[in-house]
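Inspection log for the structure reproduced underneath, given as structure tokens.
Lettering follows sequence order; numbering is per chain, from 1.
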There are 2 protein chains.
Amino acid sequence: MQAKEAAERLEITQRMLRHYEKEGLLTVDRTLNGYRHYTNADLRRAGRIRDFIASGFSTREIRAMSACLSDDGDGPCEGGVEMLKQKLADIDRLRDELTQRRATVLDRLEVLEQGLAREAALAARITEDS
Amino acid sequence: MQAKEAAERLEITQRMLRHYEKEGLLTVDRTLNGYRHYTNADLRRAGRIRDFIASGFSTREIRAMSACLSDDGDGPCEGGVEMLKQKLADIDRLRDELTQRRATVLDRLEVLEQGLAREAALAARITEDS
DNA sequence: GGCTACCCTGACATATGTGGTAGGGTTTCA
DNA sequence: TGAAACCCTACCACATATGTCAGGGTAGCC
């Protein structure tokens with residue numbers, strides 16, 4: 001497929017696709033007229049690049065584990081594994097924090113809602129009484 | 001504690017700590033001489049900021065959820081069921097995002113490790129054969 | 001041919017995270 | 001008093017991800 005469709009499918013801009021290419025993360029071949037022709041494999045690879053960048057990896061880092069980006073991680077990518085593990089740890093730490101925080105907020109929310117319910121009940125009773 | 005120790009404990013530079021402050025993500029008070037004094041709460045908050053940035057969030061985004069970064073919601077994180085519900089939704093959204101990012105990284109990691117295992121097995125077989 | 005909707009490259013612009021350096025104050029300790 | 005090891009602010013520099021715009025080619029359709 002050509003650029004527009006590829007970009008749309010990945011939900012990124014053509015500019016970004018060209019950027020990946022320029023940075024050596026992606027190789028796309030051309031049709032006779034010079035237009036880029038994206039295969040499905042290209043698309044999957046580009047999708048991974050997109051995700052990695054969205055997750056805070058730089059093109060440098062991604063390039064370093066370039067071999068790990070193709071459909072089947074062929075090639076030597078121990079460095080990639082290390083990096084990935086590191087990033088995974090980062091994300092996990094964050095997510096745990098969020099989970100904990102969520103519980104805290106939820107707790108408080110429940111307390112508050114109980115309080116409100118109590119007030120409402122009280123108000124209702126007063127209304128009844130009157 | 002003062003800047004050096006804080007930076008060392010968080011494994012980031014003092015420069016970065018100051019950056020968080022300048023961007024309004026962190027408020028650190030000072031001792032009489034004007035030196036920053038980091039409390040443990042400051043440290044935890046800064047650690048969260050560090051993690052969010054490392055996970056690809058911009059200071060803008062982090063600022064937007066600033067209230068959820070303190071240990072216990074002081075400021076806008078408290079005061080009103082509506083607000084808390086909003087916060088809960090924010091946190092959930094964030095956590096979902098992280099989960100997605102985590103899955104992306106994990107996926108790749110698994111493919112890679114399978115690849116490495118396959119290679120190792122191959123190498124072992126070759127060694128046996130010889 | 002002309003119109004429309006694609007495509008290309010290249011340059012400039014902006015935001016952001018981070019490093020570095022300069023110039024200068026404070027604390028501590030001998 | 002002087003030196004070492006801290007601290008401060010304020011700047012400039014750099015990389016990078018993206019946007020945007022200019023100038024120009026190509027394909028398809030009426």
Taking atom C1' of C/dC7 as reference, at what distance in whole Å does atom CG of A/L32 sit?
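Atom-to-atom, A/L32 to C/dC7, this comes out as 14 Å.
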Figure out the NE2/C1' separation between A/H37 and D/dT26, and round it to whole Å.
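Computing the A/H37:NE2 to D/dT26:C1' distance gives 17 Å.
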Please determine if a side-chain N or O atom of [X] lies less than 4.0 Å away from the OP1 or OP2 oxygen of [N].
X	N	result
B/H19	C/dG17	yes
B/S58	C/dA15	no
B/Q14	D/dC7	yes
A/T59	D/dA17	yes

Can you check whether A/H19 reaches A/T59 side chain to side chain, under 4.5 Å on heavy atoms?
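Heavy-atom side-chain distance check passes, below 4.5 Å.
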Looking at side-chain heavy atoms only, is the closest gap between B/F57 and B/I49 below 4.5 Å?
no
Can you name the one residue among A/M16, A/E8, A/R15 that meets side-chain contact (heavy atoms from CB on, under 4.5 Å) with A/I12?
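Running side-chain contact (heavy atoms from CB on, under 4.5 Å) over A/M16, A/E8, A/R15 with A/I12 returns exactly one hit, A/M16.
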Using a 3.5 Å distance criterion without hydrogens, assess whether the side chain of B/D51 forms a donor-acceptor pair with backbone atoms of B/R48.
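No, B/D51 side chain to B/R48 backbone: no donor-acceptor pair under 3.5 Å.
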Degree of bending, the helix from C/dG1-D/dC30 to C/dA30-D/dT1 (end axes from five pairs; round to 10°)
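Roughly 0°, once rounded to the nearest ten degrees.
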Salt bridge (Lys or Arg N to Asp or Glu O under 4.0 Å) partners of B/R9, counting only residues at least two apart
B/E5
Can you list, pair by pair, the side-chain donor-acceptor contacts under 3.5 Å of residues 21-28 of chain B, counting residues two or more places apart and other chains?
from: B/E21; atom 1: OE1; to: B/R36; atom 2: NE; distance (Å): 2.5
from: B/E23; atom 1: OE1; to: B/R63; atom 2: NH2; distance (Å): 3.0

Which atoms of nucleotides 23-26 of chain C (N or O only) lie under 3.5 Å from a protein N or O atom, and what are those distances?
from: C/dG25; atom 1: N2; to: B/Y35; atom 2: OH; distance (Å): 2.6
from: C/dT26; atom 1: O4'; to: B/Y35; atom 2: OH; distance (Å): 3.2

Nucleic acid footprint by protein, nucleotides 9-14 of chain C - heavy-atom cut-off 4.0 Å, B for base, S for sugar-phosphate alone
B-----
Among the nucleotides D/dC6, D/dG19, C/dC8, which one has an atom lying closest to any side-chain atom of A/T13?
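Out of D/dC6, D/dG19, C/dC8, the nucleotide with an atom closest to A/T13's side chain is D/dG19.
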Identify the pairs formed between an N or O of the protein and an N or O of nucleotides 1-4 of chain D at a distance under 3.5 Å, and give each distance.
none

